[in-house]
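Here is the structure we will look at.
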Amino acid sequence: MSGALVSRRPPVACGDGSADAAREVDRLARRLPEPLAPLARLAWNHRWGWTLGAAEVFARLDPDRFARLGECPVWLLRDADELALLRAAADDELVARGTALAAELDEELARPGVELFPDGRPAVFLCAEFGLHQALPIYAGGLGVLAADVLRGASDLGLPLVGVGLLYRRGFGRQSLDRSGWQREHWPELDPRTLPLARVTREDGAPLVVSVPVWEREVSLHVWRAEVGRVPLFLLDADLEQNGPVERWITARVYDGSPAIRLAQYAALGVGGMAALRAMGIDPAVVHVNEGHAALAPLALAAEAAPGLPLGAALETVRDRIAFTTHTAVATGNETYPWAEARSVLARAVESLGFSWDAFSAQCRTEAGEQELGFTPLAIRASGRASAVARRHARLVRGRFPDELPPGGINAIANGVHLPTWVAPPLGALLDRQLGPAWRTHPDAAPWDAIGEIDDVALWAVRRELRATLVQTARRRATADLLLRGASAGEVAAARQMLDPDVLTVGFARRLATHKRLDLLAHDPDRLEALLVGARPVQLVLAGKAHPLDDEAKAVAQRTLGALRDLGRTGRLVFLDDHDLGVARTLVAGCDVWLGLSRPPLEASGTSGIKAAANGGLNLAVLDGWWREAHDGTNGWVLDGDDALPADARDARDADRLLDLLEREVAPTFYERDARGVPVAWLAMVRRALRTVMPRYGAARLLSDYVRLLYAPDGSTGAG
Ligand SMILES: *Cc1c(COP(=O)(O)O)cnc(C)c1O
């Protein structure tokens, strides 16, 4: 073949990584005794996490090791004890169940999907974080967990969705508090080869490399594929030998503290993500920019669809294919950057797409004027349809960008959580008996009213079981936290006995940003103590991480926990280090009351309260975000959501009101028992919470709104 021909040849063809994933599954299966081989398939697809009975199969293989390995089944199968594997291979029941579950997965993957767009084209969902599992810590909080729930929900519905994100080798950071209560972080490095991730390779066997100009350099990115049921998630990775040390750092940490690195991350996500899709032959019908971080993706799509046109005109040609969801009402979520810094990082990426920096900067002007580059304004201007995460949030966004609204407007699409993932197994089993299995698979057709008939005794038994599990987990983790901190033997011994499985349990666990107002709890420690040790006692379980550079939030947490330190001696108050998906699942299921204390109107939606309600927890939350729409006077309690008073006055008022409610309404209702020892009025509220929240705030409803309002309005394909 002549040199000229070779150089004119298109780049080596590349599949979409499914063959690479299949190869990794085979490799894992070959390490196992033959009867256990189907478990490799099951473990490798994240769908195991919402497959009834799958966790039990892995736990049965080697319970201690499964727990130790953070309940990551691929790690378990890679590193299981030889003897445990042989024992499991001889365990007929385990083998039969594992084989049946793998067959169920095969069937699910073979099921025909929804033809939303012509030619089998997908919608692409780009997000800076995905919270799939604690073993893959590439998420910071609610946004990432929701993004993962979107992929899971799309898989269940058979929607043609593809996820794109970044593979942060060092995650968001593990957290522990030092003796003074100050948050410290460390960033253990992830080895993606040990996880259910497959490096996408080209047909010649070499890894796919896409390249994005950042600063003055070309940054090479590899692409990893994860399987989330039927939905693939592609993660870009800059930690390659051919990149310099700074470029390699681009995908090191979630929301890195350096603004330059963060801008580089967004170039990798938006421009690199679209290049990766093109290389894999994936032609998106719709590009869903999930939060502003991915706002460069529309530029890449426009460059491809309308080469040679100036930016404004090029964006116009693809506008109908761009959907945008904004998730936050606080400034740090709507990041802005000084022009000079943004230019030094992004100019070459923008120019490589054929657009001028001036045209680009005109699209990124913030509402404040010309001072800073903003990704939210860019995404709003580029999109044809957009959504905010609750009605009040949508009004706020419309008010901030009155002249820029996309033709499809800013829709209010309330967040939803993936119920089969978040409903704890004991409650799930009760719902299966009461409603049939449709609530998992076809929530729009489930007989939700039957929740009203759930028997008090059965429901109370489930709630007690979930609380007891939480108490066990909290004791174990608190003991380990204290040992790490070098606490006294007395403190450690006390931690092993702390909390009471029969005491009203109140939880607060979320990202520790100052507007989440953890400090309301320390407003009146004496009054709180009286509540903890009173005749109708309350116990508090707290958790949360501050962003590593958010010293203000760390100081608030340190002050708050310091003020509450003496209360810890009651054994009824604990702060758990290193809040992650694993702890979150136990907390949202086991708490009787879930606190939402954000300063209004800053909780755009909030999702942890939805998870709690879907487990029969009752929200006591500021009338803001999702709760402003979901509260109906029968399913929980509210704190005022107005934003008229000055912040200090509001904080004092809300702190008082919180204690008032706990003393006068929450505790009395919880402890009022009938002859069977059952809190009848409480359980009536629990049923109301389940009934009102589960159908309306599930991922299935969220996805059907995305399809209807963002992807294919009026049944049109949305493809331009
Ligand atoms: C759901 C969830 C969140 C989001 O909580 P908010 O209510 O939005 O504050 C954060 N972290 C984890 C681990 C979660 O599961």
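When reading the values below, keep in mind they use all heavy atoms of this one structure, side chains included, and skip hydrogens, waters and symmetry mates. Read the numbers this way: they start at 1 and go in the same order the structure lists the ligands and their atoms.
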Please verify the inter-ring angle class for [X] with [Y]; under 30° counts as parallel, over 60° as perpendicular, anything in between as tilted.
X    : Y    : answer
F375 : Y266 : perpendicular
H133 : H46  : tilted
Y697 : W626 : perpendicular
W682 : W637 : tilted
F66  : F58  : tilted

Considering both backbone and side-chain atoms of D580, is one of its nitrogen or oxygen atoms within less than 3.5 Å of a nitrogen or oxygen in ligand 1?
no
When you compare ligand 1 with K611, is there at least one nitrogen or oxygen pair between them that comes in under 3.5 angstrom?
yes
Under 4.0 Å to a heavy atom of [X] - the qualifying atoms of ligand 1, by number:
X    : result
H579 : 11 (N), 12 (C), 13 (C)
R510 : 6 (P), 7 (O), 9 (O)
G606 : 7 (O), 8 (O)
V145 : 12 (C), 14 (C), 15 (O)
W422 : 15 (O)

Among all protein heavy atoms in this structure, tell me which lies nearest to atom 8 (O) of ligand 1, with the distance rounded to 0.1 Å.
T607 N, 3.2 Å
Starting from atom 7 (O) of ligand 1, which protein heavy atom do you reach first, and at what distance in Å?
S608 OG, 2.5 Å
Paired with E603, the salt bridge (Lys or Arg N to Asp or Glu O under 4.0 Å) test is passed by just one of R511, R517, K516, R628, namely K516
Nearest-option assignment for atom 3 (C) of ligand 1, heavy atoms, candidates G142, A584, A621, G131
G142
Heavy-atom proximity to atom 9 (O) of ligand 1, picking from K545, R511, K516, points to K516
So the salt bridge (Lys or Arg N to Asp or Glu O under 4.0 Å) pairs with at least one residue in residues 130-154 (sequence neighbours excluded) are D149-R152
Does G229 offer a backbone N or O that forms a donor-acceptor pair with the side chain of N45 under 3.5 Å?
yes
